[in-house]
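Each chain gets a letter, A, B and so on, in the order the sequences are listed, and its residues count up from 1. Quantities reported herein were computed from a predicted structural model and do not represent experimental measurements. No hydrogens, no waters, no symmetry mates; every other heavy atom, side chains included, goes into these values.
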Amino acid sequence: MKLKIKLPPDGRDVHFSLPFGFTAQGEKCDGVFAADDIGIYIYTDGSLTAEYRLTDFAEFRCHRMVGTSMAQGVSENGGETAFCGFSQDMFLRFAEVMKLLEHYVRTGELITDTGEDEPVCPKCGMPLEGGNECVFCRSKGSVMLRLLKMIRPYRKYFFAAVVFTVISQAVWVFVPYLDRVLIDRYVTPKTDNVHGIAVIALSMMTLLAAAGVSDFFNMKNSFRVALNLGKDIREAVFEKSQQLSMSSVSKRTAGELINRISNDAAKIEDFVTANGKDMIVKLLSFIILSTLMFLINPKLALLTLLPTPFALILVKKLEHIMHMNYTRVWKTSVAHSEKLHDILHGIREVKSFGREKQEEERYSRYSLAFTKACIRGETMWYMTQPFAYFIVTAGNYLMLYFGGKMVLGEALTLGQLVQFTTYASMLYDPINWLFQMPRLLADASVSAGKVFEILDERSDVRDIPDPVRLEIKGDIELDDVSFGYRSYDPVLKNITCNIRQGEMIGIVGHSGVGKSTLINLIMRLYDCTGGEIRIDGVPIGDIEQHSLRSQIGVVLQESFLFDGSVYDNISYAKPQAGFEEIIRAAKIANAHEFITKLPDGYNTKVGNKGFQLSGGERQRIAIARAVLNDPRIIILDEATASLDTQTEKMIQQSLAKLTEGRTTIAIAHRLSTLSNADRLFVLDKGRLAETGTHKELMEKKGGYYRLVMAQRQTTKMRAAT
Amino acid sequence: MQTETEIYEADRLTLLDCDKIKLSRTKSGFLSLNYDGREYPRIDATRLMPFYSKTTYISLCYENEEKELREAGVIKDMADLDSEQYRVLEEYLSYKYYMPEITKVYNIRDNMQGSIFVKTDTTSGEKTICVKDWYQNFRMLTDDYLYVCDAEGNKYFCENIHKLDKKSRSVLEMFT
Ligand SMILES: Nc1ncnc2c1ncn2[C@@H]1O[C@H](COP(=O)(O)OP(=O)(O)O)[C@@H](O)[C@H]1O
Ligand SMILES: [Mg+2]
């Protein structure tokens, strides 16, 4: 990272120099923070205002506030000195400088070669991540073109649909010609050639029947394409949503994902059925019709087409407006389905707090916003419609006027005029359709854009090109691991430890200290921001994600049961498991007894998050599920926290059997739960503060001792009341 | 470890008497507080409801010997402080919660990957704000109040987007 951004105004030769915007006292200024191997120099508004000696400090750090942060030095006795304040975009650089300075005062080694910045995209400023083209700014071609590409597997049907539409269009073009023949040859001359009239009537009938038949085939093929495309899109989005990393998935609500998978796919499907091929056909018929009209009478044709360019300009303008409107519709629709999902998901809470009325109101607010956005879009649209229609058809009146005059002056036959006007009115069909385009296109392209947004997203936890498929034994090494959900906000700092195969490790610490985060890293739900985790000596980044996770058994505090039977839920991790295996797993988890008491035994349906079961019962099924696969590493994150002590004891006995020979990492709030752990890791403020057995740690009288004491006291207090 | 009295006090809201508060700036960058004779050398002030009110319900916190966070008390309304004390606290808060106000929006680009780039004029100059996951980080807190949190953690706000010029409003239209 580049750490010389703005040089000191007096030209002093320093190793680090960064600009800042606030004095140590928080006044706005234009400053430079500079440091060499002797001291820190603070320049404000062009002159040196403070100077500190590095040796006066034992620690350097950045304190993150809300809108700003400050750089501080801490002396041996704990006294803090603020150097300056800065806005958050400088945070990472200041944090790096502070880290290097601290490293220097601790070890005497000053690292000044900090490299260059990660290359960023010149357009948007996002890191390029190794590639030389920005994933965000890379032109992806128009959304519609990409949609067309998705039609490819069904191009046969698509082509058939186009052909049949062209046939039926051709029929409609031919019929006015028959009209003209009828009028000019039989009606105007008043011959009584009934035979000729009959022939014409008959051919019209045949033609129309043919048009009907080809319409049928056209629709059949169009629907086939559209429905398959819809299916493909739904599946692609769903598949992608399964592959995305935890951090990508958790930044979207379930409601939003549901909306994208079902609504957006349906929108595209509709669009393709109704308009995809029309686009081609209408264009064709526009060209054919205008050519025919020019052949009949170029002057009249020109008059008819006169308003078209104006119409095109209007369409372009409208497209932008409609896109805006439909984006709003999309947003309110997502907000609406998110809310719906949220409320239904929390229906137990809604009921138990008696908030049904308020939720109804809340829901109708979102529903109303959605409706309003739709109405606004449609109103906007229909306001412009009559106007647009008028412009387009204006040519018609000119054409009638001049055409009528020509017929009177006998420059044109009546039949020709009739044919011409029929063509003209047929021509207005594609033009009018062109006018519908902005609305349809905007609606579909918003949805398509949102779909592609998901499809294009790169998972930030990726397998390397040739991942290792490892038969895990169970050694886990953490080497200087640091991690933060947000880059500027570290949760775990410099954790180094070794967990040997078969060991049972208990992780303790205050809530929010990062215990669950640590196991998330071991499961590689997130990638560490610094350091490395190795399993059996292999960095987990190199292990195939699927192979890694299938060998880890996890029980979380609140286990989710899928819609299905007890059997389905236990066999989830290993669908091919035999019935006896499942019973054995259930027995280990102490679940067999209560399952036999259920009305339908292992076939009892426990769907809908397993509401019909008690928390403890649900948890025992989850444990059975976790052990079924015979994992080499078992992770228990407050797995027994919601159980009563009695049940917990029972489960623990069976767990003791189970964890033998397997690496187990257990997190428990109740410290007594971890009594049979081989070693305990105490996390404090994101760092590994202590490790050791219960006994060792109690003797040490450190953080663990205090936790135990505090817990004993509250237990006593609870007992006393 | 908590003493019995602290446990007892933990569930009480301690409102501070503004006449007994004596705040001052320290070289640590934080504040120090003398409250009714008791000395707190390192105090951090926090707006409890930063979106709702900037000058009421200000919590004053310190770290005890075990480095655990404790609350000295809450100032219900800063207006009850004398003017000098008000100035000290207000200065600290506006530093901690420094947040440029958006005064103009030129354009917004959506990269169709969940990020938007908002070209704006703010009270601290012209800036293109890059917002990741904009559904969450670019949002209306009320019908008027826009709150923006950019990729680097800087925060911006606009008190009332309906008071912006017409161009800015129409640009914002699509994203709010
Ligand atoms: N998905 C997340 N995104 C952002 N921050 C998170 C997320 N999950 C946890 N955190 C934060 O990380 C810290 C550690 O959380 P966690 O590991 O769950 O603690 P615990 O030790 O109680 O299991 C907490 O401050 C929490 O707010
Ligand atoms: Mg946890």
J.: Using only non-hydrogen atoms and a strict under-4.5 angstrom cutoff, which residues of residues 18-27 of chain B touch chain A?
T.: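 Checking residues 18-27 of chain B against chain A gives B:Arg25, B:Thr26, B:Lys27.
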J.: Name the region of B:Ser170, side chain, backbone, both or neither, that has any atom closer than 4.5 Å to a heavy atom of chain A.
T.: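 Interface part for B:Ser170: backbone (N, CA, C, O).
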J.: Please identify, among A:Val74, A:Thr327, A:Asp89, the residue contributing the most non-hydrogen atom pairs under 4.5 Å to chain B.
T.: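 Most pairs with chain B among the choices: A:Asp89.
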J.: Who pairs with A:Thr332 by side chain to side chain donor-acceptor pair (under 3.5 Å), at least two apart in sequence or on another chain?
T.: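 None.
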J.: Counting only heavy atoms not in B:Lys76, do more than 12 fall under 6.0 Å of its NZ?
T.: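 No, the 6.0 Å shell around NZ holds no more than 12 heavy atoms from other groups.
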J.: If you count heavy-atom pairs within less than 4.5 Å of chain A, which of B:Ser94, B:Ser28, B:Gly29 leads?
T.: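 Maximum pair count with chain A is reached by B:Ser28.
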J.: Pick from B:Tyr156, B:Tyr97, B:Phe30: which one has the most heavy-atom pairs with chain A under 4.5 Å?
T.: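 Looking at each option in turn, the highest pair count goes to B:Phe30.
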J.: Mark yes when over 12 heavy atoms from residues, nucleotides or ligands other than B:Lys54 sit less than 6.0 Å from its NZ; otherwise mark no.
T.: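 Result for NZ/B:Lys54: enclosed.
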J.: Got a sec, which pairs hit salt bridge (charged side-chain N to carboxylate O under 4.0 Å, His left out) with one end in residues 18-28 of chain A, sequence neighbours left out?
T.: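 Qualifying pairs: none.
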J.: Can you check salt bridge (Lys or Arg N to Asp or Glu O under 4.0 Å) on A:Arg376 and B:Glu173, steps first, answer last?
T.: CA-CA 13 Å; A:Arg376 198 162 149 187; B:Glu173 182 102 288; 3.0 Å; yes
J.: Evaluate whether atom OH of B:Tyr106 has more than 12 neighbouring non-hydrogen atoms of other residues, nucleotides or ligands under 6.0 angstrom away.
T.: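 Above 12, so yes.
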J.: If you look only at pairs with a residue in residues 41-53 of chain B, which of them pass as a salt bridge (charged side-chain N to carboxylate O under 4.0 Å, His left out), with sequence neighbours excluded?
T.: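 Salt bridge (charged side-chain N to carboxylate O under 4.0 Å, His left out) check on residues 41-53 of chain B returns A:Glu80-B:Arg42, B:Asp44-B:Lys96.
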J.: Looking at every non-hydrogen atom in both residues, tell me the closest pair between B:Phe175 and A:Lys331 and how far apart they are.
T.: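 Where B:Phe175 meets A:Lys331 most closely, the heavy atoms are O-NZ, 2.8 Å.
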J.: Out of A:His510, A:His63, A:Gln25, return the one with the most heavy atom pairs under 4.5 angstrom to chain B.
T.: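 Ranked by heavy-atom pairs under 4.5 Å with chain B, first place is A:Gln25.
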J.: To the nearest 0.5 Å, what is the distance between CZ on A:Phe22 and OH on B:Tyr98?
T.: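 Rounded to the nearest 0.5 Å, the CZ-OH separation comes to 4.5 Å.
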J.: Mark yes when over 12 heavy atoms from residues, nucleotides or ligands other than A:Lys685 sit less than 6.0 Å from its NZ; otherwise mark no.
T.: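 Buried by this count: over 12 neighbours within 6.0 Å.
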